[in-house]
Structures are given as structure tokens and as C-alpha cells.
Amino acid sequence: MQPIRGTCHKFGHDIDTDAIIPARYLNTSDPLELARHCMEDADPEFPGRVKAGDIIVAGKNFGCGSSREHAPLAIKAAGVAAVIAASFARIFYRNAINIGLPIFEAPEAAAGIEGGDEVLIEPDKGLITNLTKNETYRMVPLPPFMQELMDAGGLMAYVARKVKDRV
Amino acid sequence: MGMTVTEKILAAHAGMEAVEPGQLINARIDLALGNDITAPLAIKEFRQLGVKKVFDPARVVLVPDHFTPNKDIKSAEQAKILREFAREQGLEYYYEVGRMGIEHCLLPEEGLVMPGELVIGADSHTCTYGALGAFATGVGSTDLAAAMATGECWFKVPETILLRYYGKLRPWVGGKDLILYTIGDIGVDGARYMAMEFTGEAIAALSLDGRFTMANMAIEAGAKNGIFPVDEKTEEYLRGRARRPYRVYRSDPDARYAEVREYDVSRIEPQVAFPHLPENTRPISEVGEIPIDQVVIGSCTNGRMEDLRVAASILNGRRVHPEVRLIIIPGTQKIYAQALEEGLIRIFIEAGAAVSTPTCGPCLGGHMGILAKGERAVATTNRNFVGRMGHPESEVYLAGPAVAAASAVKGRIAAPEEVR
Ligand code: SF4
């Protein structure tokens, strides 16, 4: 995977899927419309402030709650390049991998990074560098199977290959 | 080394002798579920695959329950995508408005989930079916799309936490109180990525309705699935209902657990979870004076027959507090009809409650009871996140049907004993 460099927006623990994309907007699945309300209930100004290539940093259990894939989709469509968290809730974790939103479980980084910091994520080295504070943090590498999914471009691309092999 | 029931079911569906926690497997699924929020995305992705037919039209179930009866034009369009896909694919189990129910009340009632099965649903509360001894877990829309095409899904085998409940339940304490108490104890990520296995004499004493309530909220502790042993009561529930033959799996005596916890239920009072996390629980005796504007009794957590009976036993002959709106939503059409027959609906209406056709409605802040800024609700639902039932500055307190009904009468969060 390519390194990712961007400016961070910081959130707390247990950011749930209702905060990421409130259910009142779920009568659509259009990613751009979802992006307009991304993180709105956690920080009403976020949709206006986020720029393409920015990074979300959060505490433990990011994405807890609903199975709605609209959550990672909204984040991706808002232009967010990656999410770093101390830990992720499991359905959010699998959804993000399935749709190809890069996520990194990195408790040290989640604790050390502050809003506005510029960071460099190097997935292959398992390292996150905080360029603003001049600190580096280790992260938990993705299991090989999930790297394979990511490299294939998400679950559907992976399945498409399998389905084709079958016929 | 022995295996847990969760490991056995996963191994069987992956065609393996044994699996262990952490292992990544590809497993055959027995049933895949989608709703009017998650299925439209899945259908779009399914179509992009270029696959013509779902793997088995009797094993893909679609239920429009979240924003139905359609709350606005956009949700009507979403529901239409489901309906058309169901017709085109000849799905055997598509449930239209008027015949449907909240998915996690409906599927077990319809006999669509068996012990020992592996069920996925693009809805986080799919874990409800663990009450029947199935491995059931929530996934995303992309997973559903892939599963509809292939009949398979990838999993990481979870570790298991064993939760043992002993002692005798106090009056007015039910499955909801046990699970809220447990989440209060281990936290909203206390079982993250894990299986929660519920056992013990107090669990054996619970009805299936109480077990569904508990399994339903396993996800609220971050769990992948919650699972119950299959016993006489389970078999009784399945009699005349089960649509497929099934096989029962049990944990080995030497199965490996990440953790074992025990609870003496005779010490557990009715519980209330304060905003904005299900782990913020307090016993009813420590709640204090909290005036409320609305009470919702329903949802896939507590919208079943037993819940309505408990609520009716408190509301019978009483009136809802003048400053409170009480909304009662039976989980399925059958539950609705049964409640009518038992006279519960009349009790609710005479008490001054609004009774609605089955829908998720207010549970997710969809429609049918949205909260305004600063309003407070007691709900028998499963989540009290910021903005869950409406305005980001409204509040939801989670409780079982007894506390909810008593609160509706008192106009503040109240113990059932205060009105009975
Ligand atoms: S009742 Fe609530 S929790 Fe249950 S499926 Fe519907 S929205 Fe989800």
C-alpha cells in the first residue's frame, strides 16, 4: 500500500455510526449526499472543514453501533484518506476493508496525535510519523487476507474474480 | 482441546474439523438478510458483479422495516429497490408492509432461523438469533452483496466470553435488565470482536422472548455474536415453526474461553442506561428524579409478546401521564394480532397510548416519534447514542418494558413497584 500523508481531525472514544452518519439521512445511499452530513452529530462543523486527503484520528471503539456501510462510505466520500483509531468496532472494521477505506489500528498514534497535526502513514513499514510533533508510532499490521482484499480493491473486486473463475 | 459452540458452528460451515480463535475462514451461510437501508446498497453492488441470480432464492430474506410504511419519497424509492429485486429474483421470503415485522422479531417467528445455522444480516442486531443457538452476526452491505452471489462469507473466528447467570430473578426483572447490567459491567467494547456465550440456571429460566432481548444487545458490548444453549424451551419454540431440519451444537466441557464471568441475578434490580451509551447503567433505585416527554415500547429488543404483556399489566386501568407521549409498537403483525386478541391493545389505547403498525420507526430516529431539542425519552430499544431518536440534543434512557410503562404513568423514570 502507498504511504498516506495528511492533516488530522481528532475525535474521542466510542464514536458511533449514528454520529458518523445520522439515521435521519439514511433514506439515500448516494455517497456525496452522505458526505455532506459526515460526522455531523459529533462535530457539526466537520463537513464544512474537512478537505480531501485529511485523516480522522479517534479513540477506542470507533464505528460502534449499526452495520450501516453508509458510515465508511460517507467518510470516504468526504475525501478522508484514512482513519486511525485506538481500536475499531468490528462491523465498521470489516465494512471499511470491504469498501477500500484505509483504516489503521494504532493506539499510540491515537493518543499522541492532536487535531491539526500533519502525519505520514506508511502501511508497509507499520509506522505512523507525526510530522508536526516529530514522533513515530507503531501500528497493528493488517492480516494478510485483509491486505489481499484491500489490494484487490475491496471485497467486490475479489468476489468478481472468484465468480468469474467459477463460470 | 475442546471447542465452544460458536467455534463448532463456524468449523462445520467452513467444512473443517476444527477452528481456533483468530483464524480467518470462508464459510457457507444458511441465510442472508437485508433491510430497506442496507439492501439497496447491496443490490447495487450485486448488479455490478454481473451475476444474474442469487445463490438460493429461499435463503435471501428482505424486510422493509426501517422507514416503512414509507416515510418520504426517498425512502419509498429505497423500499422499491427491495421489492423489485425480490420479485425479479423470486425470493421466497420477502415481507411486504402489512405482512411484515421488525426483521429480528420476524425471522425467528417465521421459523427462518435454526439452531446450529450460520446467519448473516446487513443489520447489526442480526446477533438476536443467537437466542436459538445459531451463529448469527451483522455484516455490511458489501458482505451481503457477496453472500447473495456466492452463498459464502469471510469470518475471523472470535474468542468467546462465557457469561454464567445464577440465582432467581427479582420481580419485574427480565432479559433486558440482565443484558443492560452485563454491558454496564463489561462496557460497550467489553466483548469487542468476541462471542458472548450466555449460560446458567437463570438463563434456563428465561423465556425465548427474554433470550432474544439479551442476544439482541450483544452487539452493544461490541460482540460479534451472542449465543444460548438449545434446551427444551428452544425446541418447544421451534415446534411447528422450523422450516428446515437442524443440528444442535454444544460447547465442550474443556472448551477454551477468553474470560468467564458470573452474575448472581438475585442482586440485579431493573436497570436504566443513561445517555449516551448503553454502558451507562444504573439500578432503578439510583436513578433519581428524571422527568420525561416520551416513552417508546417496541423495537427488535423489546417488541415481543412478553414485553407487551408486561407493559399491559402495568398500564391496565391506569392513564399515561398528561405530559407524556407513549408510543407502543408491536414487533410483527402476528404479535399485533395476538395483542389484540388478548385485549392488550385496548388497554394501551384506554391508557392513552399511540399504537402503531410494526416498524423500526423511532428506534433509529427514522419516523413515528422523533424527539425535539432537549426532549427526553425512555425507550425499550437498544441504543441511546447522541441523536439516535431525533435531535442531537435529545436524550434516550434505555430500560425494559416494566420500567418504561411505569415511567409513562409517572411522567418521570419510575420503578414498576411505584405504580403496582
Ligand atoms: S428496531 Fe431499531 S435496532 Fe432493531 S432493527 Fe430496527 S432500527 Fe435496528
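Here is the naming used below: chain letters follow the sequence lines, and residue numbers restart at 1 for every chain. These values consider heavy atoms only, across backbone and side chains, with no hydrogens, waters or symmetry-generated copies.
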Given 3.5 Å as the limit, does a donor-acceptor pair link the side chain of [X] with the main chain of [Y], or not?
X: B:Arg192; Y: A:Phe88; value: yes
X: A:Arg90; Y: B:Gly138; value: yes
X: A:Asp16; Y: B:Phe385; value: no

Does [X] [atom1] have over 12 foreign heavy atoms under 6.0 Å away?
X: B:Lys156; atom1: NZ; result: no
X: B:Lys53; atom1: NZ; result: yes
X: B:Ile73; atom1: CD1; result: no
X: A:Asn134; atom1: CG; result: no
X: A:Lys133; atom1: NZ; result: yes

Which value, rounded to the nearest 0.5 Å, describes the distance between [X] atom [atom1] and [Y] atom [atom2]?
X: B:Glu77; Y: A:Thr28; atom1: CD; atom2: OG1; result: 10.5 Å
X: B:Lys74; Y: A:Asp30; atom1: NZ; atom2: CG; result: 8.5 Å
X: A:Asp41; Y: B:Arg388; atom1: CG; atom2: CZ; result: 12.0 Å
X: A:Ile91; Y: B:Asp143; atom1: CD1; atom2: CG; result: 9.0 Å
X: B:Ile25; Y: A:Phe145; atom1: CD1; atom2: CZ; result: 10.5 Å
X: A:Ser66; Y: B:His125; atom1: OG; atom2: NE2; result: 8.5 Å

Answer whether the closest heavy-atom distance between the side chains of [X] and [Y] falls below 4.5 Å.
X: A:Ser67; Y: B:Val139; value: no
X: A:Cys64; Y: B:Asp189; value: no
X: A:Arg24; Y: B:His391; value: no
X: A:Asp14; Y: B:Leu277; value: yes

Exercise. Would you say the side chains of A:Arg94 and B:Thr142 form a donor-acceptor pair under 3.5 Å?
Worked result: no
For this session: In sequence, state the C-alpha distance, the side-chain angles, and the governing distance for B:Ile37 and A:His70, and then conclude on side chain to side chain contact (heavy atoms under 4.5 Å, CB included).
Result: CA-CA 9 Å; B:Ile37 290 183; A:His70 310 68; 3.4 Å; yes
Contact class of [X] relative to chain B, heavy atoms under 4.5 angstrom:
X: A:Pro44; value: neither
X: A:Asn98; value: both
X: A:Ser87; value: both

What part of [X] gets closer than 4.5 Å to chain A, counting heavy atoms only: side chain, backbone, both or neither?
X: B:Phe67; value: side chain
X: B:Asp72; value: side chain
X: B:Gln78; value: side chain
X: B:Leu24; value: side chain
X: B:Asn70; value: neither

Looking at [options], which makes the most heavy-atom pairs under 4.5 Å with chain B?
options: A:Asn61, A:Ile99, A:Val159; value: A:Asn61
options: A:Ser29, A:Ala71, A:Ala157; value: A:Ser29
options: A:Ala42, A:Gly65, A:Pro72, A:Ala89; value: A:Gly65

Seminar exercise, completed: Looking only at heavy atoms, the pair that brings A:Glu69 and B:Ser141 closest together is OE1-N, 2.6 Å
Exercise. Who among B:Pro40, B:Ala146, B:Ala122, B:Gly365 has the most heavy-atom pairs with chain A under 4.5 Å?
Worked result: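 The residue among B:Pro40, B:Ala146, B:Ala122, B:Gly365 with the greatest pair count is B:Ala146.
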For this session: Sort out for me which of B:Val51, B:Ile370, B:Thr137 touches chain A most, counting heavy-atom pairs under 4.5 Å.
Result: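 When all of B:Val51, B:Ile370, B:Thr137 are compared, B:Thr137 has the most.
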